Protein chains: 2
Amino acid sequence: MPERTTPRSSYHHGDLRAQLIAAVAELVETHGPDGFSVAEAARRAGVSSAAPYKHFKDRPELLRAVASAGMDRLRDAMETAAARHRAGSYESVAAIGQAYVDFARAGPGVFRLVFGLTEGHDGDPHLEGKGAACFGVVLRAVAAVLERSPDDPIVRIRAYALWTFVHGHSFLTIDRKTKGKFELQDEWAFLMQVSASILGGH
Amino acid sequence: MPERTTPRSSYHHGDLRAQLIAAVAELVETHGPDGFSVAEAARRAGVSSAAPYKHFKDRPELLRAVASAGMDRLRDAMETAAARHRAGSYESVAAIGQAYVDFARAGPGVFRLVFGLTEGHDGDPHLEGKGAACFGVVLRAVAAVLERSPDDPIVRIRAYALWTFVHGHSFLTIDRKTKGKFELQDEWAFLMQVSASILGGH
DNA sequence: TTACATAAGTTAGCGACACTTACTTTGCAA
DNA sequence: TTGCAAAGTAAGTGTCGCTAACTTATGTAA
């Protein structure tokens, strides 16, 4: 466990904000969302325990920044995954779902943070905007399949149905509630089948 | 905000364990999972801050007890809901889902606790058993619809698909990510449609 | 180049909390 | 009645969140 990633030569750190976010993301992953402390993150970045408060108002704001960064990575992963398939194909939709699940599996702590943070942080417009952007990726993919506008209610409700499915599967997966019900290749088949079933439904 | 529910007459409390669990459940609901403190719970129960440690090893064990009690209530609600409909009907399955969502909406904090606790509390056999019992309710209902054994792989996978759907919808609902996509009566129709679609699928 | 406002660090300290230890009160069983 | 274990208390330790007051570096304007 590295006490400090890059030893500091000067009085000023230069990259503290980003390093704090990274440290917290790591801590959340290993010690759980409540098992992290601002002090410990500061220690890892090699600064005093008061330094973080020059960059973040308080502990929740730091957590929110981690969640925000996580959402950026999630949206990026979804977009990349979708782009690997023909627009309008079931595969493109399933791939988005696969990226979602993979993201959750790769960082359960951050994933939980991203989707469990609305608790005390109600209605942060910044975070809500990023959430909407993520949903937008799904909307566009579904719209392409159905050959309709992303604003069409039918598109929205089917996209939502897909989202709930994938979201639930992700959560149950990282909570280990699945207990060997699915193997890796089965998961892709599962996602494809669900996508087709929801998008092809009458 | 009541400082103490039932004033204590004797030195011994008599019902501290249960009152602590109730106090924590309330605190989790209002202040979030990390916004509660053992000290505050003790204060509400009218005892010293050291008293809880006569009943619970540490903070996580107290949280686990709250989650465990929550799971009991959830399973009970699911069973009650299922019993209100004919065994083998789609309604019985949808009703289980509705009970699940209602439970989440009624107590988002506890719900999140129940399904987010596997984080640091990996593999508590007690909790896992209760989780399996909840899934058992779904399994039996699905088995009745499909007229197969609850151990049949087909039953298990369809029950799992339903679970992911309802679970995802619950989470997105309490996270307010739905933003007026569904009204109350629409939700029942949604659950019925999904149940029929998954259980009636080829 | 130099002056200086400001950004970004520091130490010191307060109150709260998790948890321990040692002590006290009480109910119950022999 | 006595004695013991269960269940409470008070006091203390180390950590944490956060603030206040201070110091150091940096970029800009004269």
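Because the structure is predicted, anything quoted here is derived from the model rather than measured. In the text below, chain A, chain B and the rest are named by the order of the sequence lines, each starting its count at 1.
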Closest-nucleotide mapping onto DNA chain C: is B/E40 or A/K54 further toward the 5' terminus? I mean the 5' end.
A/K54

Spacing of OG belonging to A/S48 relative to CZ belonging to A/R43, to within rounding of 0.5 Å
11.0 Å

Measure from the side-chain N and O atoms of A/E91 to the backbone N and O of A/H85, and report whether any donor-acceptor pair falls under 3.5 Å.
no

Are OP1 or OP2 of D/dA6 and a side-chain N or O of B/R17 less than 4.0 angstrom apart?
no

Nearest-Å distance, CZ (A/F56) to P (C/dA8)?
12 Å

Gap between atoms CG and P, on B/D15 and D/dA7 respectively (whole Å)
12 Å

Among A/Y100, A/F190, A/W163, whose ring-ring contact (aromatic ring centres under 6.0 Å, His included) with A/H169 holds?
A/F190

Which is it for B/E79 and B/R140 under the side chain to side chain contact (heavy atoms under 4.5 Å, CB included) test, yes or no, and what are the steps along the way?
CA-CA 10 Å; B/E79 276 172 350; B/R140 281 193 297 277; 3.8 Å; yes

Output the rounded distance in Å from OH (B/Y53) to C1' (C/dC19).
5 Å

For A/S48 and C/dG9, is the shortest distance between a side-chain N/O and OP1 or OP2 below 4.0 Å?
no

Rounded to whole Å, CG of B/L27 lies from C1' of C/dC17 at a distance of 14 Å

Output the single nucleotide from C/dG9, C/dC17, C/dC19 whose closest atom is nearest the side chain of B/A39.
C/dC17

Distance, rounded to the nearest Å, where B/D34 contributes CG and D/dG17 contributes C1'
13 Å

Minimum heavy-atom distance between A/H126 and A/S68, given as atom pair plus value:
CE1-OG, 3.7 Å

Among C/dC19, C/dT11, D/dG8, which nucleotide sits nearest the side chain of B/R59?
C/dC19

Let's see if you can work this out: which of C/dT10, D/dC18, D/dG8 has an atom nearest to the side-chain heavy atoms of A/V47?
C/dT10

Integer-rounded Å distance: C/dC19 P and B/L20 CG
14 Å

OP1 or OP2 of D/dA6 under 4.0 Å from side-chain N/O of B/H55:
no

May I have the distance from B/L63 (atom CG) to C/dC19 (atom P), rounded to whole angstrom?
10 Å

Let's see if you can work this out: which of D/dC16, D/dT19, D/dC18 has an atom nearest to the side-chain heavy atoms of A/S37?
D/dC16

Could you please name the option among C/dT10, C/dC17, D/dG17 that lies closest to any side-chain atom of B/R43?
C/dC17

Could you give the CD-to-C1' distance, from A/E61 to D/dC18, as a whole number of Å?
14 Å

Minimum-distance nucleotide (side-chain atoms of A/S49 versus D/dA11, D/dC16, D/dC18):
D/dC18

Side chain of A/L16 only, please: which of D/dC16, C/dG9, C/dC17 is the nearest?
C/dG9

